[in-house]
K.L.:
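If you scroll down you'll find the structure; I have some questions about it.
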Amino acid sequence: MHLIAAAPHPEFVQKELVHKANADEVLLTGWTSRADDTFTVSAHWPTAHSYYVTRRKHVDLMLLNETVRQVFPLLCHEAYDVPLGHHLLWDTYEYEITPAALLAEELSGSVELHVRCLGALYRGTRLTALSLLITVTRDGVELATASTRLTVQAPAIYQRLRHGRGAPGLVRPLPPSRPAAGILPQHIGRSSLNDMVLSPTGTGAPCLWQLRVDTGHPLFFDHPVDHVPGLLLIEAALQAAQSVAHPRRMTPVGMETRFKHYVELDAPCLIEVQQLLDDPLGRAHLGITMRQEGVENFAATVTLSPASGSRSEQPLTSIIPSSVRTTAQLVS
């Protein structure tokens with residue numbers, strides 16, 4: 001009889017270094033410096049998770065995005081001496097996945113992120129802004145590329161920027177609204193109604209939703225915050241794009257985002273989708289905007305490609321029917 005040794009349980013970095021309260025949500029296992037401002041970060045993806053879908057043949061985009069997001073605080077605190085308690089603010093973020101990410105048979109286990117940091121700005125000796133270029137690989141196979149620009153704010157400066165709203169106790173969030181009807185969780189890559197972040201507006205306008213914010217959600221609100229987390233805005237853009245594409249099976253293979261203003265917890269946020277021109281590869285582009293009290297706080301362009309096994313020869317320009325496109329444009 002031959003005994004098979006169990007795989008060793010990975011050791012993860014301290015939860016504080018990736019701004020998580022729940023140690024079970026930490027994905028990074030370590031980092032090394034390869035050269036000046038160049039790093040390799042190791043991660044471990046779970047075999048099962050309450051939110052990420054790990055039992056399908058392509059990488060869960062939010063698992064990818066959260067893995068990348070955890071790199072920001074880890075390197076800022078460990079490699080650039082940013083004190084714990086300082087705030088990291090997203091300016092821009094974009095990513096694109098490769099065909100290998102759509103065909104992966106095994107989605108759990110070790111992942112590497114190769115990171116190049118550039119454009120560092122300092123106030124005295126304190127880091128105030130940084131850009132990162134990231135390549136995500138598994139067993140030497142490239143799964144995705146990502147880039148971001150973020151700023152770093154000391155607590156006192158952050159409080160001034162937030163105009164008296166810079167603590168969770170100072171904000172009374174709106175109660176979570178009901179999920180949008182007509183779209184099932186599996187249509188947008190989720191398994192539970194609790195994970196849907198779109199809700200109806202009551203106007204009947206197509207391609208228009210209200211952001212559904214549940215401050216009790218264990219992933220997006222792992223700890224109390226004073227504004228809507230950027231990861232929730234990214235998920236809302238992905239869900240909106242997939243909802244518009246339904247019933248066609250389309251995969252969001254890329255996204256470009258701009259974080260313009262904080263999205264507050266105590267006011268409705270409207271999400272609108274518009275059809276944009278296809279890219280040179282023939283992939284569909286959808287523009288996502290999020291407005292609060294008439295101000296555009298967040299904008300994204302989502303790139304969609306036919307899912308594996310769908311009819312790729314069907315024109316992609318018809319994701320939003322002409323009647324719906326006209327209505328969406330009138331709403332803007």
Side-chain angles (χ1 to χ4, degrees), residues 51 53 60-62 64-65 90 93-97 176-214 217 219-220 228-261 263 268-278 283-292 295-307 316-321 323-332:
Y51 187 83
V53 181
D60 187 309
L61 297 178
M62 291 308 290
L64 170 69
N65 289 326
W90 248 333
Y93 173 62
E94 62 183 82
Y95 72 88
E96 183 165 352
I97 61 176
S177 50
R178 69 184 188 278
I183 300 294
L184 298 177
Q186 56 265 34
H187 295 158
I188 52 178
R190 294 293 148 229
S191 58
S192 169
L193 284 174
N194 293 329
D195 296 332
M196 297 182 69
V197 299
L198 306 179
S199 66
T201 63
T203 64
C207 302
L208 187 69
W209 295 271
Q210 180 174 315
L211 179 66
R212 181 175 184 270
V213 180
D214 179 3
H217 195 282
L219 178 68
F220 297 118
V228 177
L231 200 69
L232 176 53
L233 303 181
I234 291 173
E235 173 69 345
L238 290 173
Q239 290 192 15
Q242 291 172 300
S243 297
V244 166
H246 181 75
R248 298 185 60 189
R249 295 178 59 239
M250 306 289 288
T251 299
V253 295
M255 174 185 279
E256 299 177 5
T257 67
R258 287 174 292 149
F259 298 83
K260 298 182 177 182
H261 303 282
V263 175
C269 177
L270 293 179
I271 304 169
E272 179 190 349
V273 181
Q274 292 185 345
Q275 183 96 40
L276 305 176
L277 294 176
D278 292 356
R283 302 177 302 182
H285 280 185
L286 296 179
I288 317 290
T289 56
M290 300 187 193
R291 292 184 174 88
Q292 202 166 41
V295 177
E296 185 175 293
N297 291 357
F298 174 88
T301 299
V302 178
T303 302
L304 294 172
S305 184
L316 299 184
T317 54
S318 60
I319 286 182
I320 301 180
S323 60
V324 176
R325 288 202 299 271
T326 301
T327 305
Q329 290 164 2
L330 292 174
V331 171
S332 63

K.L.:
Show the nearest heavy-atom pair for residues Arg212 and Asn194, with the distance to one decimal.
P.N.:
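Looking at all heavy atoms of both residues, the shortest contact is NH1-O, 3.6 Å.
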
K.L.:
Might you work through the ring-ring contact (aromatic ring centres under 6.0 Å, His included) test for Tyr51 and Phe220, ending with a clear yes or no?
P.N.:
CA-CA 10 Å; Tyr51 187 83; Phe220 297 118; 5.4 Å; yes

K.L.:
With rounding to the nearest 0.5 Å, note down the distance linking CD in Gln186 to OG in Ser192.
P.N.:
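The distance works out to 10.5 Å.
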
K.L.:
Do Glu94 and Thr301 have side-chain heavy atoms sitting under 4.5 Å apart?
P.N.:
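When only atoms from C-beta onward are counted, Thr301 and Glu94 do not touch, as no gap falls below 4.5 Å.
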
K.L.:
Which atoms form the tightest heavy-atom contact between Ala180 and Pro200, and what is the distance?
P.N.:
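Looking at all heavy atoms of both residues, the closest pair is CA-CD, 3.7 Å.
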
K.L.:
Evaluate the criterion side-chain contact (heavy atoms from CB on, under 4.5 Å) for residue pair Tyr95 and Thr257; output intermediate values, then yes/no.
P.N.:
CA-CA 9 Å; Tyr95 72 88; Thr257 67; over 6 Å; no

K.L.:
Any heavy-atom pair between the side chains of Asn65 and Tyr93 that's under 4.5 Å?
P.N.:
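Answer yes - side chains close enough.
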
K.L.:
Please name the pair of heavy atoms, one in Gln275 and one in Ala284, separated by the smallest distance, quoted to 0.1 Å.
P.N.:
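Reported closest heavy-atom pair: NE2-CB, 4.4 Å.
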
K.L.:
Between NZ of Lys260 and CZ of Arg291, what distance do you get to the nearest 0.5 Å?
P.N.:
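Reported to 0.5 Å precision, the distance equals 8.5 Å.
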
K.L.:
Distance from Met255 atom CE to Leu61 atom CG, nearest 0.5 Å?
P.N.:
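So the CE of Met255 and the CG of Leu61 are separated by 8.0 Å.
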
K.L.:
When you compare the side chain of Leu193 with that of Arg178, does any pair of heavy atoms fall below 4.5 Å?
P.N.:
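No; the side chains remain at least 4.5 Å from each other.
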
K.L.:
Working to the nearest 0.5 Å, report the span between CG of Leu231 and CH2 of Trp90.
P.N.:
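So the CG of Leu231 and the CH2 of Trp90 are separated by 5.5 Å.
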
K.L.:
Counting C-beta onward and ignoring hydrogens, is there a side-chain heavy-atom pair between Leu198 and Ser243 closer than 4.5 Å?
P.N.:
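Yes - at least one pair of side-chain heavy atoms lies under 4.5 Å apart.
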
K.L.:
Check whether any side-chain heavy atom of Met196 lies under 4.5 Å from a side-chain heavy atom of Ile188, and answer yes or no.
P.N.:
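Yes. Closest side-chain heavy atoms under 4.5 Å.
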
K.L.:
Just wondering, do Ile271 and Thr201 contact through their side chains at under 4.5 Å, heavy atoms?
P.N.:
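The answer is no, as the side chains (C-beta and beyond) never meet within the 4.5 Å cut-off.
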
K.L.:
Between Cys207 and Gln274, is any pair of side-chain heavy atoms under 4.5 Å apart?
P.N.:
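The answer is no; the side chains never approach within 4.5 Å.
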
K.L.:
Quick one: do Gln292 and Leu270 satisfy side-chain contact (heavy atoms from CB on, under 4.5 Å)? Show the steps, please.
P.N.:
CA-CA 6 Å; Gln292 202 166 41; Leu270 293 179; over 6 Å; no

K.L.:
I'd like to know if Asp60 pairs up with Arg190 as an ion pair, taking the criterion as any Lys NZ or Arg NE/NH1/NH2 lying under 4.0 Å from an Asp or Glu carboxylate oxygen.
P.N.:
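Result for this pair is yes, salt bridge flagged.
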
K.L.:
Taking all heavy atoms of Val302 and all of Ala237, pick out the closest pair and write down the distance.
P.N.:
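Heavy atoms of Val302 and Ala237 come nearest at CG2-O, 4.2 Å.
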
K.L.:
Find out whether Thr303 and His285 are in side-chain contact, i.e. whether some heavy atom of one side chain is under 4.5 Å from a heavy atom of the other.
P.N.:
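Thr303 reaches His285 side chain to side chain.
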
K.L.:
Mind checking the CG-CG spacing from Leu233 to Asn297? Nearest 0.5 Å is all I need.
P.N.:
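So the gap between those two atoms works out to 8.5 Å.
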
K.L.:
Evaluate the criterion side-chain contact (heavy atoms from CB on, under 4.5 Å) for residue pair Leu238 and Met62; output intermediate values, then yes/no.
P.N.:
CA-CA 9 Å; Leu238 290 173; Met62 291 308 290; 3.8 Å; yes

K.L.:
Might you point out which heavy atoms bring Ile97 and Pro252 nearest each other, and give the distance in Å?
P.N.:
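Minimum heavy-atom separation between Ile97 and Pro252: CD1-O, 4.1 Å.
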
K.L.:
Using 0.5 Å steps for rounding, measure from the CG atom of Leu304 to the CZ atom of Arg283.
P.N.:
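These two atoms lie 10.0 Å from each other.
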
K.L.:
For Ser305 and Val253, work out which heavy atoms get closest and say how close.
P.N.:
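In this case the closest contact between Ser305 and Val253 is CB-CG1, 3.9 Å.
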
